[in-house]
Amino acid sequence: MENGDYQAMQARMRRFFFSGATLEPAFRKAKLRGLAVAIRRREKAILAALHDDLAKPPCEAFLTEIAETLDAAKYNAARAAALARPRRVWPGRTILPAGCKVHPEPFGLALVLSPWNYPFQLSLIPLICAVAAGNCVVLKPSRESPATGSILKELVEECFAPDHCRVVLDAPDSPGTPSEQTATALLAEPWDFIFYTGSPRVGHIIMESAARHLTPVCLELGGKSPVIVAKDADLAVAARRIAWGKLLNAGQTCVAPDYLLAERTILDELAGRIREEWGRMLGPDPLRSADYGRIVSQAAFDRLCGLAARCGVEIQEDRELLKIAPVIFETGFTSPALQDEIFGPLLPAIPYDSLDAALAYIRANPKPLACYLFTRDRAVEKRVLREVSFGGGCINDVALQASSSRLPFGGVGRSGMGRYHGRAGFDLFSNLKSVVRQWPTLDLPLRYPPYGKGRLGWLRRLLGV
Ligand code: NAD
């Protein structure tokens with residue numbers, strides 16, 4: 001589509017929005033239920049598309065993409081009506097007597113730009129939250145996951161009127177075509193809300209575009225998420241869970257453990273156990289395991305191989321299959337692996353002698369999207385939660401904070417702004433309109449001049465502030 005077509009598309013969608021259809025909670029609920037039914041019906045095709053795009057094993061894809069999306073659809077369908085209801089708020093003494101309510105209302109037209117790594121759920125969960133809140137949505141999936149992009153388009157066309165929700169796919173590449181021309185053209189138009197998931201680099205571009213129209217944004221970004229293992233941790237469980245968290249989608253998970261900080265005395269044992277777990281999970285030939293996904297593209301594959309080479313780490317890889325076996329290696333804070341987000345199955349492990357040093361390193365760097373801690377010591381847990389700022393995380397596990405349909409999910413600082421999932425998702429896509437309702441007949445004269453001599457004293461006594 002050309003820019004002019006996007007303007008016409010937006011005009012039609014705005015007309016639909018102003019028809020008021022999306023203001024009816026029953027309408028939102030019916031749409032979300034319909035979407036859930038359509039997803040269940042197409043489960044096989046969705047799994048096949050995720051396999052085409054990333055060789056995702058069906059169990060992994062079902063769990064992390066389909067089940068989470070269905071859970072979000074179910075949650076939002078069940079609660080859309082209750083969440084849309086005006087919420088009573090105590091007015092406080094300064095405006096008593098008065099009735100105060102927050103009226104959630106949809107923003108209007110929301111643009112959702114999604115990435116390729118969890119292309120199904122990172123497209124549909126924001127769309128579900130936006131629809132539950134009563135918005136119209138344009139979804140632009142990533143060009144790097146084209147099979148899932150096509151399924152998303154089919155699904156959305158089947159479940160929603162085109163002026164309610166639609167999917168815009170990238171135009172096929174042609175020589176000399178700027179690769180992100182679709183997203184760029186969409187971003188040139190005025191939206192009522194922009195929801196972006198992807199890299200912090202592109203996050204800058206999104207925010208700059210949104211600033212032109214003063215459009216509110218939610219940025220779900222990435223970064224370097226540490227996993228800290230204290231010496232009192234259950235090493236068997238820590239190893240298994242860290243190994244699993246790094247295997248998911250071949251490490252291309254925004255909340256994957258990016259690097260490991262372990263107390264020096266346990267690092268060797270922990271690293272050995274993580275290798276054993278990978279062996280158990282993927283068998284002797286990890287590159288041919290059906291339970292292990294692939295790297296998204298040649299460019300990403302080459303970047304990861306280059307990083308391994310700069311770190312002096314030998315890896316098992318297959319350029320044809322775009323697969324790299326998971327690897328853990330001991331290194332230091334100045335390693336190239338500690339510069340940018342790894343987003344692949346390489347796990348640098350750094351020993352620490354005191355928790356002070358580990359926490360000081362994390363705090364000296366941009367606030368991570370996730371942070372994980374393995375310990376049995378509640379005091380250590382409390383300390384990490386108090387001293388380290390991060391989007392979300394787990395104690396004695398990894399990645400699960402992103403999988404709840406209720407727990408608010410998002411980043412902080414360079415890892416993002418805004419939160420969704422559960423009620424937070426509904427509120428994110430809503431303008432929470434605050435309204436004071438007064439009784440026409442009850443009109444206390446206290447606020448009106450002339451104030452006279454004694455009014456100040458009266459006000460002080462009455463308000464008690
Ligand atoms: P990406 O930024 O390359 O692409 C994501 C989306 O942005 C796509 O829809 C793409 O079309 C659009 N886009 C890309 N370049 C653009 C440009 N120049 N102008 C306008 N739009 C553009 O991100 P990615 O490589 O697909 O995803 C990887 C990153 O995303 C990692 O940093 C990862 O940590 C992060 N991530 C974060 C979350 C989260 O929930 N916080 C989830 C998944 C991925």
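Quantities reported herein were computed from a predicted structural model and do not represent experimental measurements. First listed ligand is number 1; within each ligand, the first listed atom is number 1. Below, each value reflects all heavy atoms present in this structure, side chains not excepted, and no hydrogens, waters or symmetry copies.
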Donor-acceptor contact present, side-chain W244 to main-chain A239, <3.5 Å: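 No, because the side chain of W244 does not come within donor-acceptor range (under 3.5 Å) of the backbone of A239.
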
Can you report which non-hydrogen protein atom sits closest to [atom], along with the distance?
{"atom": "atom 24 (P) of ligand 1", "answer": "W116 NE1, 3.3 Å"}
{"atom": "atom 39 (C) of ligand 1", "answer": "C254 SG, 3.4 Å"}
{"atom": "atom 1 (P) of ligand 1", "answer": "Y196 OH, 3.6 Å"}
{"atom": "atom 27 (O) of ligand 1", "answer": "P115 CB, 3.7 Å"}
{"atom": "atom 41 (N) of ligand 1", "answer": "L221 O, 2.7 Å"}
{"atom": "atom 28 (C) of ligand 1", "answer": "F343 CE2, 3.6 Å"}
{"atom": "atom 35 (C) of ligand 1", "answer": "G198 O, 3.3 Å"}
{"atom": "atom 44 (C) of ligand 1", "answer": "N117 ND2, 3.4 Å"}

Tell me the nearest of [options] to [atom], using heavy-atom distances.
{"atom": "atom 5 (C) of ligand 1", "options": "L113, I125, T197", "result": "T197"}
{"atom": "atom 18 (N) of ligand 1", "options": "V112, I205, I342, T184", "result": "I205"}
{"atom": "atom 23 (O) of ligand 1", "options": "S415, S297, S199", "result": "S199"}
{"atom": "atom 15 (N) of ligand 1", "options": "E180, E220, E144, R143", "result": "E180"}

Are the side chains of [Y] and [X] in contact, using a 4.5 Å heavy-atom criterion?
{"X": "F107", "Y": "S430", "result": "no"}
{"X": "K246", "Y": "P326", "result": "no"}
{"X": "T64", "Y": "S403", "result": "no"}
{"X": "L113", "Y": "L187", "result": "yes"}

Which bit of [X] is near ligand 1, meaning a heavy atom under 4.0 Å away: side chain, backbone, both or neither?
{"X": "D170", "answer": "neither"}
{"X": "Y118", "answer": "neither"}
{"X": "L187", "answer": "side chain"}
{"X": "T182", "answer": "neither"}
{"X": "L122", "answer": "side chain"}
{"X": "E341", "answer": "side chain"}

Within-shell test, S114 vs ligand 1, heavy atom, strictly < 4.0 Å: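 Yes; S114 lies near enough to ligand 1 that a heavy-atom distance drops under 4.0 Å.
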
Other residues, nucleotides, ligands: >12 heavy atoms within 6.0 Å of R280 CZ: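 It does: R280 CZ has more than 12 such atoms within range.
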
Qualifying residue for salt bridge (charged side-chain N to carboxylate O under 4.0 Å, His left out) with D318, from R294, K323, R288: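 Of the listed residues R294, K323, R288, the salt bridge (charged side-chain N to carboxylate O under 4.0 Å, His left out) partner of D318 is R288.
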
Cationic N near anionic O, under 4.0 Å, K224 to D340: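 Between D340 and K224 there is no salt bridge, as every charged N stays at least 4.0 Å from the carboxylate O atoms.
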
Pair E154 + R42: basic N to acidic O under 4.0 Å: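 Judged by the 4.0 Å cut-off on N to carboxylate O distance, E154 and R42 do form a salt bridge.
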
Identified side chain to side chain contact (heavy atoms under 4.5 Å, CB included) counterpart of C159 within the set V37, V131, L35: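 The side chain to side chain contact (heavy atoms under 4.5 Å, CB included) with C159 is passed solely by L35 among V37, V131, L35.
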
Test ring pair (Phe, Tyr, Trp, His ring centres under 6.0 Å) applied to F195 and F429, step by step: CA-CA 9 Å; F195 186 102; F429 283 97; 5.7 Å; yes

Separation of E341 CD from R414 CZ (nearest 0.5 Å):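 Reported value, rounded in 0.5 Å steps: 10.0 Å.
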
Close N or O approach (Y420, ligand 1; < 3.5 Å):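 In fact, backbone or side chain, Y420 has no N or O that close.
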
Salt bridge (Lys or Arg N to Asp or Glu O under 4.0 Å) pairs, two or more places apart, involving residues 51-62: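 Found K56-E65.
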
Sub-4.0 Å atoms of ligand 1 with respect to non-hydrogen atoms of F409: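 Per the distance check, 40 (O).
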
